[in-house]
**Student:** 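Below: one structure in structure tokens.
Below, read A as the first sequence line, B as the second, and so on, with proteins coming before strands; counting in each chain starts at 1. What you are looking at is a predicted structure, and each value in this text was computed from that prediction instead of being measured.
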Amino acid sequence: MPQKLIDQSSLGHWVAALIAEHKVYGVQAKADRFAFDALTEADDLRLDHDVTILPPKKYFHPPQEILLQFDREAMTFESVFHAEPFILLGVHPYDMAAISQLDKVFSMDHRDRHYLARREAATIVVCDVQTASPEVFAGCMGHATMEGQSGHDMLLTLLDDGRYLVDPVSAKGEALMGPLAHAPEADQAALQARKRVWDRNRRQLQKNKLKMKPSELPGLLAGSYDHPVWEERAELCYSCGSCNLVCPTCYCFDLRDELNWDLRTGRRLREWDGCMLRGFAAVAGGHNFRARRADRYRHRYFRKGKYTWEAYGEIACVGCGRCISACTANIANPVEVFNRLLEER
Amino acid sequence: MKPRVAIFDFACCEGCQLQILNMEEELLELLSVIDPVEWREAMSDRSEDYDIAIVEGSITREQDADRLRAIRERAKVLIAIGACATLGGVNRLKNHFPMAEVQKIVYGDAAAMPHLATMPTRAIDEIVKVDYKVEGCPINAQELSRVIRALLAGSAPATPDYPLCVECKKGENPCRYDYGEICLGPLTRAGCNAWCPSNGFWCFGCRGLLDDANVEAAEKVMEQYGRTADELREKIILFNTPREPGE
Ligand code: SF4
Ligand code: SF4
């Protein structure tokens with residue numbers, strides 16, 4: 001597919017044209033942070049953002065959604081799907097890697113049609129990172145760039161000369177090109193310049209430094225079940241679940257029914273849940289499989305570095321660094337924990 | 001037959017009742033499934049025959065405790081609404097002082113009059129059995145409406161047992177600690193949709209501390225933010241003065 005080279009003002013015109021024709025969500029400033037939100041002005045798009053408070057998973061697996069409407073007396077229900085097409089602008093490569101993981105999870109075994117309907121409705125425009133966030137370590141996890149990764153529809157890269165390399169990689173991505181079809185094609189020099197951006201990002205997106213390869217994590221954790229770090233660090237844990245909720249690869253949810261005033265019809269809601277919350281592993285009859293904070297604290301790291309690897313071949317951490325900043329107690333840094341396990345093996 | 005519902009108030013600002021009146025269109029839906037028989041803020045009728053008692057306010061006088069016991073005896077189900085009823089609320093701050101002193105401060109020369117006798121503030125469940133609680137200052141009428149619907153349908157209303165941070169994160173708020181504030185979110189029961197942090201305030205803890213709130217951790221964490229455990233405790237007592245003084 002033709003890779004194009006455009007300047008920043010053509011990018012602005014192009015984004016404005018997209019907004020005029022499509023439902024577009026893009027990264028914007030939120031207080032002194034960044035968040036994905038409905039984009040109404042091209043100027044509000046912040047491709048220079050470091051990281052968004054919540055990952056873009058919220059568009060595929062929302063914090064709360066209605067799965068179905070039911071009628072208790074008629075014993076009927078109707079599933080609710082959201083399939084309105086939309087464009088996501090400015091997804092970082094590590095978040096794209098996480099979306100690809102979710103794609104895998106939600107199509108495994110029972111295919112989750114609610115997730116997949118939203119996913120199919122999306123056109124994802126990834127943008128290479130321009131500003132490293134204070135805690136990012138995607139470079140250690142192999143997710144600093146899109147090289148060797150897929151799932152997106154288009155890749156934007158700001159080159160050092162101030163121009164953008166626009167790279168549509170799917171039919172959906174190509175359909176977005178519109179006016180850009182007439183832009184000059186990216187030459188070898190531009191592709192080289194993009195490689196330099198990638199090399200730099202691989203080095204720079206390592207604000208925390210993992211002292212091992214991600215593939216070594218399952219083995220390391222296998223020997224660390226009884227390590228003192230779990231008890232020690234869990235002492236400061238609020239069990240607030242923030243580290244779960246801001247994580248782009250966490251997908252756990254709870255279901256809840258709500259009745260209308262006729263007390264007959266109602267809806268089934270799906271809401272984000274998290275393994276750090278006390279009630280997460282509680283079952284009917286009151287038993288809790290992880291009643292202790294330290295049990296929950298350990299579980300999260302085992303889940304990230306070992307269990308998901310065994311279940312579907314992925315390390316459930318892409319190195320976005322969100323949990324590190326989201327933890328008020330400052331104990332949720334996976335790199336600190338994994339490095340310590342390595343040093344004290 | 002629609003269940004007969006009575007709403008009672010004790011020591012409080014009656015803001016929670018007002019929240020029910022403010023339900024607007026939903027109020028009509030509520031009235032389509034219940035039969036209000038006593039509700040001082042909205043009607044002049046009174047009744048001693050009801051199925052569900054909704055109680056707001058805290059108990060600060062012996063005669064109020066007696067009245068509450070009588071209400072409990074008549075009601076099949078008792079719902080405590082609002083921080084005053086569920087926690088003792090702001091009223092409980094007086095428990096940090098001797099009763100004679102607070103009585104004097106508030107009523108001056110009239111303090112000796114028998115109907116002004118005061119006792120340490122109690123939450124409703126410290127006097128009688130409470131079946132359901134709707135927390136908050138004020139309550140969120142949506143939550144009360146959910147509890148009533150679940151109750152009428154014969155299912156147990158779900159109340160969150162996780163910290164407010166969950167809802168704050170779902171709302172994609174920046175954390176108040178990032179702005180040097182002490183927020184009680186990590187210790188406080190969720191359910192208000194992180195009302196205060198979503199509007200740029202820290203959480204005051206009006207929904208009560210979680211059963212397993214890690215207060216010890218919070219005290220230690222203060223140091224990381226250049227704040228002290230005392231500052232944290234000062235914030236906590238506003239709505240969560242411990243049940244026994246000195247506890
Ligand atoms: S964010 Fe921190 S305090 Fe909250 S559950 Fe995670 S580790 Fe515990
Ligand atoms: S602002 Fe308060 S409720 Fe929100 S995440 Fe921070 S500590 Fe938790």
**Student:** Relative to chain A, which segment of B:Ser145 carries a heavy atom at a distance below 4.5 Å: side chain, backbone, both, or neither?
**Tutor:**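 It is both, since atoms from each part get that close.
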**Student:** Under a 4.5 Å heavy-atom cut-off, does chain A meet the side chain of B:Arg146, its backbone, both or neither?
**Tutor:**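 Looking at B:Arg146, just its side chain touches chain A.
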**Student:** Please flag which part of A:Leu236 lies under 4.5 Å from any non-hydrogen atom of chain B: side chain, backbone, both or neither.
**Tutor:** both
**Student:** Looking at A:Gly241, A:Ala35, A:Ala31, which makes the most heavy-atom pairs under 4.5 Å with chain B?
**Tutor:**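 If we count pairs closer than 4.5 Å to chain B, A:Ala35 comes out on top.
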**Student:** If I measure from the heavy atoms of chain B, does A:Arg293 come under 4.5 Å with its side chain, its backbone, both, or neither?
**Tutor:** side chain
**Student:** Heavy-atom distance under 4.5 Å to chain B: side chain of A:Glu235, backbone, both or neither?
**Tutor:** both
**Student:** Of the listed residues (B:Val33, B:Asp161, B:Leu30, B:Leu187), which shares the most heavy-atom pairs with chain A below a 4.5 Å separation?
**Tutor:** B:Leu30
**Student:** Checking heavy atoms, do the side chain of B:Leu210, its backbone, both or neither come under 4.5 Å from chain A?
**Tutor:**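 For B:Leu210, there is no contact with chain A at all, as no heavy atom is under 4.5 Å.
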**Student:** Restricting to side chain to side chain donor-acceptor pair (under 3.5 Å), what partner residues turn up for A:Arg46, sequence neighbours left out?
**Tutor:**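 For A:Arg46, the residues satisfying side chain to side chain donor-acceptor pair (under 3.5 Å) (neighbours in sequence not counted) are A:Asp48.
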**Student:** Using the side chain to side chain donor-acceptor pair (under 3.5 Å) rule, pick out the option among A:Arg33, A:Arg322, A:Lys30, A:His92 that qualifies with A:Thr52.
**Tutor:** A:Arg322
**Student:** If I measure from the heavy atoms of chain A, does B:Gln224 come under 4.5 Å with its side chain, its backbone, both, or neither?
**Tutor:**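 Contact with chain A: side chain only.
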**Student:** Can you tell me which portion of A:Leu259 sits under 4.5 Å from chain B's heavy atoms? Options are side chain, backbone, both or neither.
**Tutor:**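 For A:Leu259, the contact with chain B is made by backbone and side chain together.
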**Student:** Is the distance between the ring centroids of A:Tyr301 and A:Trp230 less than 6.0 Å?
**Tutor:**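 Close enough - the centres of the two rings lie under 6.0 Å apart.
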**Student:** Please look at B:Ala213 and chain A and tell me whether the side chain, the backbone, both or neither of the residue comes under 4.5 angstrom of a heavy atom of that chain.
**Tutor:**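 Contact with chain A is through the backbone of B:Ala213 alone.
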